[in-house]
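This report refers to the structure that appears directly beneath it.
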Amino acid sequence: VSTNEEETLLPHTLNATDSNGTEALNATAKFVATPEGTALAYGSLVFMALLPIFFGALRSVTCSKSKVTSSGRCPNRPRSDMPETITSRDAARFPIIASCTLFGLYLFFKVFSQEYINLLLSVYFFALGVLALSHTMSPLMTKVFPASFPNKQYQLLFTQGTGESKEEIVNYEFDTKNLVCLLISSVVGVWYLLKKHWIANNLFGLAFALNGVELLHLNNVSTGCILLGGLFVYDVFWVFGTNVMVTVAKSFEAPIKLVFPQDLLEKGLEASNFAMLGLGDIVIPGIFIALLLRFDVSLKKNSRTYFYSSFLAYIFGLGLTIFVMHTFKHAQPALLYLVPACVGFPVIVALFKGELTEMFR
């Protein structure tokens, strides 16, 4: 995850937009969602947010359970699929880097034409989205294809230098099933590039979120607390202190947020008035929840107490965000509610079980 600039859940009074993403010109033109449409949109956002957290956390355990070879790779996994470990130093710097990136994007949208910026970003996220969706689909394809399927192995290798000074630049291993996944993902990518349809956006967004939860690993609970605490302050400042977060979230036409139309019941799949949830509000708590699942596994007690407590805490925090947002009709920094819930619930459980020191160690 590069930034969390879109970590905002926008109420229907703030994101009544037309199909081109431009705001309504006056209050009378704004779409007023029905209670049924609002409930469907918010419920769908919560459900979609839970999917990458749950399955990403389960997939994050796979490499941890496998015995890592001397080359630093997990068996049967290419180098590109290896997790990145976030240290306490990375966690401390992340809010600063995210703030600089967010403000930079804000200035870009103010100075340059939004149309050209989004065109460039669309091409960039098309490539990333195809790769992310392909990686997400790969385990499913392994189960779908019959054992008799001719699955050939391939390797893409780029090196620099010769002899003893030869250095690997790219070493990617893949097979026929991966190529099929890439083809299907490319079709979705072209659909997104040409139509910017909200379903294609969500397919890419879910893939990004699942890959983030699966492949970004916190090295310990203390690092997780530093990361979540820093981004808690970051989120609150940029949403309540300025209009930067909301402006970027509404201008940024890229699959960095999950969206769901509030007018789906009236207009069907061509609906265009969306509620939205930034991927940062999924991935950041998600990697902490995934860490707690790996901690559960390490205890070898055949229990998932910390995972389920943090998972329920996430549901509670996101539900509270939606309630406050809907009550006050103002965009909310979701991490304001998610961070205390996702950190507080497991800590309380650890205190009752007498495992607090062990969890932080």
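Residues: numbered from 1 along the sequence shown.
Between Tyr106 and Phe103, the ring planes lie parallel to each other; the angle is under 30°, not in the 30° to 60° tilted range. Using cut-offs of 30° and 60° on the angle between ring planes, the pair Phe252 and Phe125 is perpendicular.
In the hydrophobic clustering of this structure, Ile348 does not group with Leu338; members are Ile, Leu, Val, Met, Phe, Trp, Tyr whose side-chain heavy atoms approach within less than 4.5 Å, directly or through other members. Clustering ILVMFWY residues whenever any of their side-chain heavy atoms sit less than 4.5 angstrom apart, transitively, puts Ile226 in a cluster other than the one holding Val233. By the rule that hydrophobic residues join a cluster once side-chain heavy atoms approach within less than 4.5 Å of another member, Phe323 and Phe240 end up as members of one cluster. One hydrophobic cluster holds both Phe47 and Leu279 under the rule that ILVMFWY side chains link at heavy-atom gaps under 4.5 Å. Follow the hydrophobic side-chain contacts under 4.5 Å out from Phe126 and you never reach Leu119; the two are in separate clusters.
Ser309 is linked by a side chain to side chain donor-acceptor pair (under 3.5 Å) to nothing, counting only residues two or more places apart in sequence or in another chain. Looking at residues two or more places apart in sequence or on another chain, you find a side chain to side chain contact (heavy atoms under 4.5 Å, CB included) between Phe328 and Val324. In terms of the ring pair (Phe, Tyr, Trp, His ring centres under 6.0 Å) criterion, residue partners of Phe149 (sequence neighbours excluded) are, by chain and number, Phe145. Residues forming a side chain to side chain donor-acceptor pair (under 3.5 Å) with Tyr314 (at least two apart in sequence, or on another chain): none. Evaluation of the side chain to side chain contact (heavy atoms under 4.5 Å, CB included) rule for Thr87 yields Arg89, Asp90, Asn219 as partners, not counting sequence neighbours. Partners of Ser303 according to the side chain to side chain donor-acceptor pair (under 3.5 Å) rule, which considers only residues two or more places apart in sequence or in another chain, are Thr305. The side chain to side chain donor-acceptor pair (under 3.5 Å) check on Asn202 picks up nothing, with sequence neighbours excluded. Qualifying side chain to side chain contact (heavy atoms under 4.5 Å, CB included) partners for Leu210, counting only residues two or more places apart in sequence or in other chains: Pro52, Phe55, Arg59, Thr136, Glu214.
To the nearest 0.5 angstrom, Glu36 atom CD is 8.5 Å from Glu266 atom CD. We find the CG-CG distance between Leu277 and Leu318 to be 6.0 Å, quoted to the nearest 0.5 Å. Between the CD1 atom of Ile117 and the CG atom of Leu121 there is a distance of 7.5 Å, given to the nearest 0.5 Å. Atom CZ of Phe316 and atom CZ of Phe345 lie 5.5 Å apart (nearest 0.5 Å). Distance check: Ile287 CD1 to Leu218 CG gives 4.0 Å after rounding to the nearest 0.5 Å. With rounding to the nearest 0.5 angstrom, the CG atom of Leu335 is 7.0 Å from the CG atom of Leu228.
Applying the 6.0 Å contact sphere to CD of Glu84 captures no more than 12 heavy atoms from other residues, nucleotides or ligands. More than 12 heavy-atom neighbours from other residues, nucleotides or ligands sit within 6.0 angstrom of OH on Tyr154. Other residues, nucleotides and ligands place more than 12 heavy atoms under 6.0 Å from the CZ atom of Phe237.
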Legend entry - Pair Phe311-Leu50, side chain to side chain contact (heavy atoms under 4.5 Å, CB included): steps then yes or no: CA-CA 8 Å; Phe311 193 74; Leu50 296 179; 3.9 Å; yes

Inset, instruction - Evaluate side chain to side chain contact (heavy atoms under 4.5 Å, CB included) for Lys196 paired with Asn201, printing each intermediate quantity in order. - result: CA-CA 7 Å; Lys196 293 292 192 299; Asn201 173 91; over 6 Å; no

Inset, instruction - Check step by step if side chain to side chain contact (heavy atoms under 4.5 Å, CB included) holds for Phe112 and Leu120. - result: CA-CA 12 Å; Phe112 298 103; Leu120 180 64; over 6 Å; no

Legend entry - Trace of the side chain to side chain contact (heavy atoms under 4.5 Å, CB included) decision for Ser298 with Phe295: CA-CA 5 Å; Ser298 72; Phe295 174 62; 3.8 Å; yes

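Under a 3.5 Å cut-off, the side chain of Lys300 and the backbone N or O of Val297 do not form any donor-acceptor pair. Of the possible donor and acceptor atoms, one in the side chain of His197 sits under 3.5 Å from a partner among the backbone N and O of Leu269. Asn211 places a side-chain N or O within donor-acceptor distance of the main-chain N or O of Ala132, the cut-off being under 3.5 Å. In this structure, Asn118 contributes its side chain and Ser251 its backbone to a donor-acceptor pair below 3.5 Å. Checked by atom type and distance alone, the side chain of Ser165 never pairs as donor or acceptor with a backbone atom of Gly161 at under 3.5 Å. At least one donor-acceptor pair under 3.5 Å links the side chain of Ser310 to the backbone N or O of Phe307.
Gly224 approaches Phe288 most closely through the heavy-atom pair CA-CD1, 3.8 Å. Nearest heavy-atom pair across Leu264 and Phe260 is CD2-CZ, 3.6 Å. Residues Ser60 and Ala290 approach most closely at OG-CB, 3.7 Å, considering heavy atoms. When all heavy atoms of Phe208 and Pro255 are compared, the closest pair comes out as CD1-O, 3.4 Å. In terms of heavy atoms, Asp235 sits closest to Met245 at OD1-CE, 3.3 Å. Taking both residues in full, the closest heavy atoms of Ala209 and Ile282 are given as CB-CG2, 4.1 Å, listed atom of the first, atom of the second, then distance.
The side-chain heavy atoms of Tyr42 and Thr38, taken from C-beta on, include a pair separated by under 4.5 Å.
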Output side-chain donor-acceptor pairs under 3.5 Å for residues 175-194, partner residues at least two apart or in another chain, one line each.
residue: Asp175; atom: OD1; partner: Lys177; partner atom: N; Å: 3.1
residue: Asp175; atom: OD1; partner: Asn178; partner atom: N; Å: 2.9
residue: Asp175; atom: OD2; partner: Asn151; partner atom: ND2; Å: 3.3
residue: Thr176; atom: OG1; partner: Lys152; partner atom: N; Å: 2.9
residue: Thr176; atom: OG1; partner: Lys152; partner atom: O; Å: 3.4
residue: Asn178; atom: OD1; partner: Asp175; partner atom: N; Å: 3.0
residue: Asn178; atom: ND2; partner: Ser138; partner atom: OG; Å: 3.0
residue: Ser185; atom: OG; partner: Ser134; partner atom: N; Å: 3.1
residue: Ser185; atom: OG; partner: Cys181; partner atom: O; Å: 2.8
residue: Ser186; atom: OG; partner: Leu182; partner atom: O; Å: 2.7
residue: Tyr192; atom: OH; partner: Glu253; partner atom: O; Å: 3.4

Counting only pairs under 3.5 Å, give me each side-chain donor-acceptor contact of residues 352-361, with atom names and distances, residues two or more places apart or in other chains.
residue: Glu355; atom: OE1; partner: Tyr306; partner atom: OH; Å: 2.5
residue: Glu355; atom: OE2; partner: Lys301; partner atom: NZ; Å: 2.5

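Val213 shares a hydrophobic cluster with no other residue; no ILVMFWY side chain has heavy atoms under 4.5 Å from its own. Residues near Ile96 contribute nothing to a hydrophobic cluster around it, because no ILVMFWY side-chain heavy atom sits closer than 4.5 Å to its side chain.
Between Tyr172 and Phe174, the distance from one ring center to the other falls under 6.0 angstrom.
No side-chain N or O of Thr247 forms a donor-acceptor pair with one of Lys110 less than 3.5 Å apart.
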